[in-house]
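Structure record follows, encoded as structure tokens.
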Protein chains: 2
Amino acid sequence: MPEPFTVLAEPARRRILDLLLERPRLVGEISRELGITQPGTSKHLRVLREAGFVHVRADAQRRWYELRPAPLADIDAWLTPYRRLWNDHLDLLERHLDTMDSEGSEESG
Amino acid sequence: MPEPFTVLAEPARRRILDLLLERPRLVGEISRELGITQPGTSKHLRVLREAGFVHVRADAQRRWYELRPAPLADIDAWLTPYRRLWNDHLDLLERHLDTMDSEGSEESG
DNA sequence: AGCGCATATGCGCGCCTTGGTATATTAAAG
DNA sequence: CTTTAATATACCAAGGCGCGCATATGCGCT
């Protein structure tokens, strides 16, 4: 089970997610949109599925692939502690840190 | 110039970012923390630097590596259209979308 | 039952990346 | 100027990944 970031490292897979953001799609449709072979598409979809990015719904021999939020939400969560870097790069924080310099606040997790 | 996601696909590089989130660090320190060789560390740092994740400040023969927000903010931005998938998976939203206006009010440049 | 469509899987190749070791570079110190 | 510390680069071997091609599977249609 590859990690979310590894999965997203592939441009083709990100493009698939983009397509699925609009609506669920069939393999053939995705394949045509991306301009890659059907087996190639299936393999990318497999990776996405095994990592929980997409979910398949069977309809006869068709496979409807649809987006799944969990792994993306994971990445969103991973970003959380970093977000302050660009959300608030206020000097306020700097002086705040200075004030609590000698304070022992254990906050980790 | 590799893409952000490719850079983050490496666990070691994510660990480096975690370390740099606390404070700027020297190569040797990072190397010791990660338990990998110094050249290996330098190579990861190079990738991170070329992708804009980190910035180097020279101090004699020392190199202080510090975090840079841009690429992470890019990823954050990339996530934006997907965020509705888990922020509001309410049916409410569907009808609400038309009149929706709820956004935090902050200035960022 | 046989055919054709939609999709998945297996195999082999080539590339890119990683990790390690050895070495180059720059700066401080004696 | 030589030595030592800190870091970067070169080189090499190994592994993982994506790609294309061939093939297997499942299902509907006639």
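Reminder, nothing fancy here: chain letters follow the sequence lines and each chain counts from 1.
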For [X] and [N], is the shortest distance between a side-chain N/O and OP1 or OP2 below 4.0 Å?
| X | N | value |
| --- | --- | --- |
| Thr37(A) | dG20(D) | yes |
| Arg13(A) | dG18(D) | yes |
| His44(A) | dC19(D) | yes |
| Tyr65(A) | dA6(C) | no |
| Arg62(A) | dC5(C) | no |

Under 4.0 angstrom, heavy atoms only, what part of the nucleic acid is [X] near: base, sugar-phosphate, or nothing?
| X | result |
| --- | --- |
| Gly28(B) | sugar-phosphate |
| Leu26(B) | sugar-phosphate |
| Ser42(A) | base |

Write out all pairs satisfying salt bridge (Lys or Arg N to Asp or Glu O under 4.0 Å) with one or both partners inside residues 44-57 of chain B, taking only residues at least two apart or from two chains.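 Sorted pair list: Arg46(B)-Glu50(B), Arg57(B)-Glu66(B).
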
Ignoring the backbone of [X], work out which of [options] is nearest its side chain.
| X | options | value |
| --- | --- | --- |
| Gln61(B) | dT21(C), dT7(C), dT26(C) | dT26(C) |
| Glu10(B) | dT18(C), dC21(D), dG20(C) | dT18(C) |
| Val27(B) | dG4(C), dA8(D), dG19(C) | dA8(D) |
| Gln38(B) | dT26(C), dT7(D), dG19(C) | dT7(D) |

Using the rule given for side chain to side chain contact (heavy atoms under 4.5 Å, CB included), can you reason through Arg25(B) versus Leu45(B), listing the C-alpha separation, both sets of side-chain angles and the distance that settles it, and then say yes or no? CA-CA 11 Å; Arg25(B) 313 243 186 178; Leu45(B) 286 168; over 6 Å; no

Is the shortest heavy-atom distance from the side chain of Leu67(B) to the side chain of Tyr82(A) under 4.5 Å?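 A side-chain contact under 4.5 Å exists here.
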
Do other residues, nucleotides or ligands put more than 12 heavy atoms under 6.0 Å from the CZ atom of Arg62(A)?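 Not buried by this count: 12 neighbours or fewer within 6.0 Å.
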
